[in-house]
Amino acid sequence: VKLVQSGGGSVQTGASLRLSCQVSGRTAGSSATGWFRQAPGKEREFVAAIKWNDTNTYYADSVKGRFTCSRDNAKNTVYLQMNNLKPEDTAVYYCTADAFYLRHYSYTAVQRYDAWGRGTQVTVSS
C-alpha cells in the first residue's frame, strides 16, 4: 500500500487547510483510511477516519465540527478539510490505511493501521 500526501502549510488561527491522501495498492480487506497527527514531544493521536464502503466517519472530540473527512473513490483519494484551525492543531499529519488482520481494533486506534504516509506539517500561529 502506498499513501501519497499533499497539502499542509503554515496559517494563522482561524484559517483553513485541506490535506489529501492518494492511496494505491489498497488490499481488498482494507476498509478505512485514517488521519493521525503528532506534535513535538507528544504521542501520535487519532484525528479522523473514513470507511471506503459506506458513509461512516469518525472524529476525535478535539476536531469535531471543525474537520471533515471525505473521499473520492474514483481517485482513491481521501481528504481532510480543516477549518477554524487553532495553534493546538499544529502537528505533523499522517494518513494511514488499515489492514484486514487488524480489524479487531477500533477505527480510532493507531494499532488498526499498518501503512502510513510520510506526513505533512501543519503549523497554526496565533
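The structure displayed is predicted, hence computed values, not measured ones.
With sequence neighbours excluded, the residues satisfying salt bridge (Lys or Arg N to Asp or Glu O under 4.0 Å) with R66 are D89. A109 is linked by a side-chain contact (heavy atoms from CB on, under 4.5 Å) to Y105, S106, Q111, counting only residues two or more places apart in sequence or in another chain.
Atom OG of S20 and atom CZ of R71 lie 15.0 Å apart (nearest 0.5 Å). T96 contributes atom OG1, which lies 8.0 Å from atom CZ of R44 (distance to the nearest 0.5 angstrom). Put simply, OG on S70 and CD1 on I50 are 6.0 Å apart, with the number rounded to the nearest 0.5 Å. With values rounded to the nearest 0.5 angstrom, Y58 atom OH is found 9.0 Å from F46 atom CZ. Here D61 contributes atom CG and Y59 contributes atom OH; the two are 13.0 Å apart, rounded to the nearest 0.5 Å. Here the OG-CD distance, from S125 to Q12, works out to 5.0 Å after rounding to the nearest 0.5 Å.
A donor-acceptor pair is defined here as one N or O able to donate and one able to accept, closer than 3.5 Å; such a pair exists between the side chain of Q5 and the backbone of G119. Side-chain N or O atoms of D98 include one that pairs as donor or acceptor with a backbone N or O of A32 at under 3.5 Å. Looking at R112, its side chain never comes within 3.5 Å of a backbone N or O of H104 through a donor-acceptor pair. Between the Y107 side chain and the T57 main chain, no donor and acceptor come within less than 3.5 Å of each other.
Between N56 and D54, the shortest heavy-atom distance links the atoms N-OD1, 2.9 Å. Nearest heavy atoms, A48 versus C69: CB-CB, 4.2 Å. Smallest separation of non-hydrogen atoms from G8 and T120: CA-OG1, 4.0 Å.
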>> As a quick check of understanding, evaluate side chain to side chain contact (heavy atoms under 4.5 Å, CB included) for C95 and F36, giving each step before the final call.
In response: CA-CA 6 Å; C95 70; F36 285 74; over 6 Å; no
>> Test side chain to side chain contact (heavy atoms under 4.5 Å, CB included) on L17 and V124; report intermediate values, then the result.
In response: CA-CA 10 Å; L17 284 173; V124 185; 5.9 Å; no
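Counting non-hydrogen atoms of neighbouring residues, nucleotides and ligands closer than 6.0 angstrom, the CG atom of N53 reaches no more than 12 such neighbours. Within a 6.0 Å radius of CD in Q121, other residues, nucleotides and ligands contribute more than 12 heavy atoms.
The hydrophobic clustering, which links ILVMFWY residues whose side-chain heavy atoms are closer than 4.5 Å, places V92 and V122 apart. Linking Ile, Leu, Val, Met, Phe, Trp and Tyr whenever their side-chain heavy atoms come within less than 4.5 Å leaves V110 and V1 in two separate clusters.
For E88 and T90, the side-chain atoms include no donor-acceptor pair closer than 3.5 Å. Using modelled atom types, one finds no donor on one side chain facing an acceptor on the other under 3.5 Å when comparing S6 with R18. Using modelled atom types, one finds a donor on one side chain and an acceptor on the other under 3.5 Å when comparing T33 with W52.
For the pair R37 and Y94, the cation-pi criterion (under 6.0 Å, within 45° of the ring axis) is not fulfilled.
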Can I get a per-line list of side-chain donor-acceptor pairs under 3.5 Å for residues 78-86, giving both atom names and the distance, sequence neighbours left out?
residue, atom, partner, partner atom, Å
Q81, NE2, N83, OD1, 2.9
N83, OD1, S16, OG, 2.9

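Under the 30°/60° scheme for interplanar angles, the aromatic rings of F67 and Y93 are found to be tilted.
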